[in-house]
Amino acid sequence: MKHAATLVITALSIGLFFAPGCARLSSQTRASDSYADRFEREAVAADHHLASEAGAEILARGGNAIDAAVATSFALSVVRPYSCGIGGGGFMVVHRSGEDGAGAGQFAINYRETCPAGVAPDRFEKLDDPVASRFGAHSVATPGTIVGLLRALETHGTMDRRDVLAPAIRLARSGFHADAHYISSTAALIDRFEANPEWKRRFAFVWERYLLSGNVRQGDLIRVPEQARALTLIAEQGARAYTHGPVGDAIIRAVRADGGVLSPPDLASFHVEQVAPARARIAGYDLVGMPPPSSGGVTMFEALRILDALGYDFSGPLDTPERAHLVSEALKHAFADRAEWFGDPAFTDVPVGRLLSDAYTASLAARIDRTRTQPASVYGSRAQIVEDGGTSHFSVVDRWGNAVACTETINLVFGSLVAVPEFGFVLNDQMDDFLTRRGRVNAFGLRQSERNLPGAGKRPLSSMSPTIVLDDEGVLAVAGASGGPRIITGTMQALMRTLAGDSAGASVARPRLHHQWIPDRLDLEPDAFTGVGQRAALEGFGHELGERVEIGSVQLIRRARSGTGWDAASDPRKGGRPAGR
Ligand code: GLY
């Protein structure tokens, strides 16, 4: 029996800096409802109130959910510079209601970063620096956010590019105040700079302008007007400012100065894909999510379908040890399959249909022991034992019933730490989401197969899980999260609570669990399962328990449970606040 002592996992102890980070909010803080609100017509829930307000401003001016999503994202680039931004990439899942004259339906937009042409599959195995895929120019994948957002706007938006970018440009000029999440997310990074003093010169922009030379305090004004120049060029010139213009040129210079291989053709050839979303029917609801190269939608849907096959009652609460055991077992199967099967579908066949099929999910459900957890080797379809950020999610609904779930990232906190000084933004370190060294886990402790090796033009596997839940009346919920693999488990549990009838506020705030198969450990937030005997009961199922300060940061909008309108919440773990009318 594995009655191991509870492990306390902190970002610092494993040397990582997860953007959703370590906002150490007490239950009391979470119980406050400043992070949730009710809106009659339209709403945006982002993980920073200024970004929610930027999107809401566009909705109030008559824009649709896509216009608002694009405005929100550009604003996040300014106010959550360690989570996402124009140096990164992302995914959107979109529902068109048909009420505004556009065709009804759902689709996904993929603007995930791509591997530069000059990077071979064994690139990182040949480099001496063991963290080259996480810090510095080698870790930078070709950014996709600028091209992706502008494509979404041109194809599905209604407003002028200059109007949609205006709120972000204003924010970049005026600056914003560092909040509690900014401080908690950057504390470990400051320690790392102190431990590597040469970084203060190498990554001078991040050190001096964003970390205020290690002295950043809550309430400090962070002002990077250089980004207003980039955003203004994008507003004026469109994507060409990046693909063939001054913003792109500055990116290449910044990467080259730090020894990287990004080249102009990588930027010029960046392609955005509009694809069919992943779908699953669970407990009478239609779930619409992100397909590969995100593992998010399919891994979450596989776990939920396994639970459905077990006869799990989705209308009941999550918080009993018996239910938590079943959720954990379903996650172990789904994450084992994530490790085995996933990669960029443009380069490898990902058997999505089989992983979500009735027969397969029923067969995995049948292998679950309701009384005990089992060794890691028995999970998934071909589990192998070989031997763990910055991200931001927002949800939007408009007055026509359109919805956007959008998750974007630069990967770890402040991404690669390589900044583009002329234009005041940082570049991603998304290369670490590839399998960079065979047999090793990535920064999130995730095992991955050779399907996810780097390769020219390939997109690294992601856990981002923008998701829309539909029922007979249209959109029931729009959700997603930041937090590496805890994106999947955080989004899943928030949606399970919504399906069980919880408010948006309760759905995002209640404590969560996380299991990702390997490490074979059930992580709990500090205030999860604290009732008398509950943790002992979980250990009685054979689970080794760990504790993690925060399991994802979820932004969720749900149709109001009574009356009309929308119930919106920004996860109190990250300190955001929704906006709308
Ligand atoms: N970089 C985190 C993810 O895409 O899963």
Side-chain angles (χ1 to χ4, degrees), residues 11 14 16-21 47 73 76 80 82-85 87-93 108-115 131 133-135 139-145 148 185 278 289-300 334-335 338-339 342-345 350 388-394 405-417 426-436 441-448 451-452 454 458-467 480-492 514 516-517 550-554 574:
I14 52 176
L16 298 175
F17 316 103
F18 301 119
D47 60 23
S73 172
L76 283 166
R80 286 288 183 225
Y82 53 93
S83 297
C84 58
F91 301 127
M92 270 188 207
V93 173
I109 303 177
N110 173 5
Y111 50 101
R112 177 78 161 166
E113 300 92 325
T114 52
C115 178
V131 289
S133 65
R134 296 178 197 168
F135 307 107
S139 70
V140 179
T142 311
T145 293
S185 294
M290 194 65 213
S294 185
S295 65
V298 176
T299 305
M300 187 196 325
F335 270 93
R338 181 197 191 281
F342 282 75
D344 184 344
V350 186
D388 181 343
T391 298
S392 179
H393 174 83
F394 61 90
C406 180
T407 317
E408 299 179 320
T409 186
I410 49 173
N411 200 25
L412 305 178
V413 169
F414 285 114
S416 63
L417 305 179
V426 291
L427 295 166
N428 69 83
D429 58 344
Q430 221 64 251
M431 292 303 288
D432 193 61
D433 275 352
F434 282 116
L435 174 66
T436 53
V441 295
N442 74 358
F444 298 106
L446 287 166
R447 284 164 198 243
Q448 330 219 41
R451 291 165 183 260
N452 189 35
K458 202 170 173 180
R459 303 187 202 257
L461 185 57
S462 171
S463 296
M464 294 191 288
S465 312
T467 306
S482 51
R486 291 164 292 280
I487 290 172
I488 299 172
T489 47
T491 306
M492 178 172 135
H514 175 75
Q516 62 183 56
W517 176 55
E550 174 185 295
I551 292 174
S553 168
V554 182
K574 200 164 175 178

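Counting convention: from 1, in listed order, for ligands and their atoms alike. The figures that follow rest on heavy atoms only: side chains count, while hydrogens, waters and symmetry mates do not. Given the structure is predicted, the values throughout are model-derived calculations rather than measurements.
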Task: Residue, atom name and distance, where the atom is the protein heavy atom closest to atom 3 (C) of ligand 1 - done: D433 OD2, 3.2 Å

Task: Location of contacts on E408 toward ligand 1, heavy atoms closer than 4.0 Å - done: neither

Open item on the list: So for ligand 1, is T391 a polar contact partner (N or O within less than 3.5 Å, distance only)?
Closed with: no

TODO: Check for a donor-acceptor pair, side chain of T299 on one end and backbone N or O of S295 on the other, with a separation under 3.5 Å.
DONE: yes

TODO: Apply the side chain to side chain contact (heavy atoms under 4.5 Å, CB included) test between E408 and each candidate in S482, C84, P466; give the one that qualifies.
DONE: C84

Task: Numbering as shown, the atoms of ligand 1 that approach Q430 to under 4.0 Å (heavy-atom distance) - done: 1 (N)

- [ ] Check the side chains of S392 and S83 for a donor-acceptor pair under 3.5 angstrom, ignoring hydrogens and angles.
- [x] no

TODO: In sequence, state the C-alpha distance, the side-chain angles, and the governing distance for D429 and R134, and then conclude on salt bridge (charged side-chain N to carboxylate O under 4.0 Å, His left out).
DONE: CA-CA 6 Å; D429 58 344; R134 296 178 197 168; over 6 Å; no

TODO: Evaluate the side-chain proximity of I109 to F91: yes if any heavy-atom separation is below 4.5 Å, no if none is.
DONE: no

Open item on the list: Only heavy atoms of R112, strictly under 4.0 Å: list the atoms of ligand 1 that pass.
Closed with: 4 (O)

Open item on the list: For atom 4 (O) of ligand 1, what's the nearest protein heavy-atom neighbour? Residue, atom name and distance, please.
Closed with: S462 OG, 2.7 Å

- [ ] Check whether any side-chain heavy atom of T491 lies under 4.5 Å from a side-chain heavy atom of T467, and answer yes or no.
- [x] yes

Task: Closest approach of any protein heavy atom to atom 5 (O) of ligand 1, naming residue and atom - done: S463 N, 2.7 Å

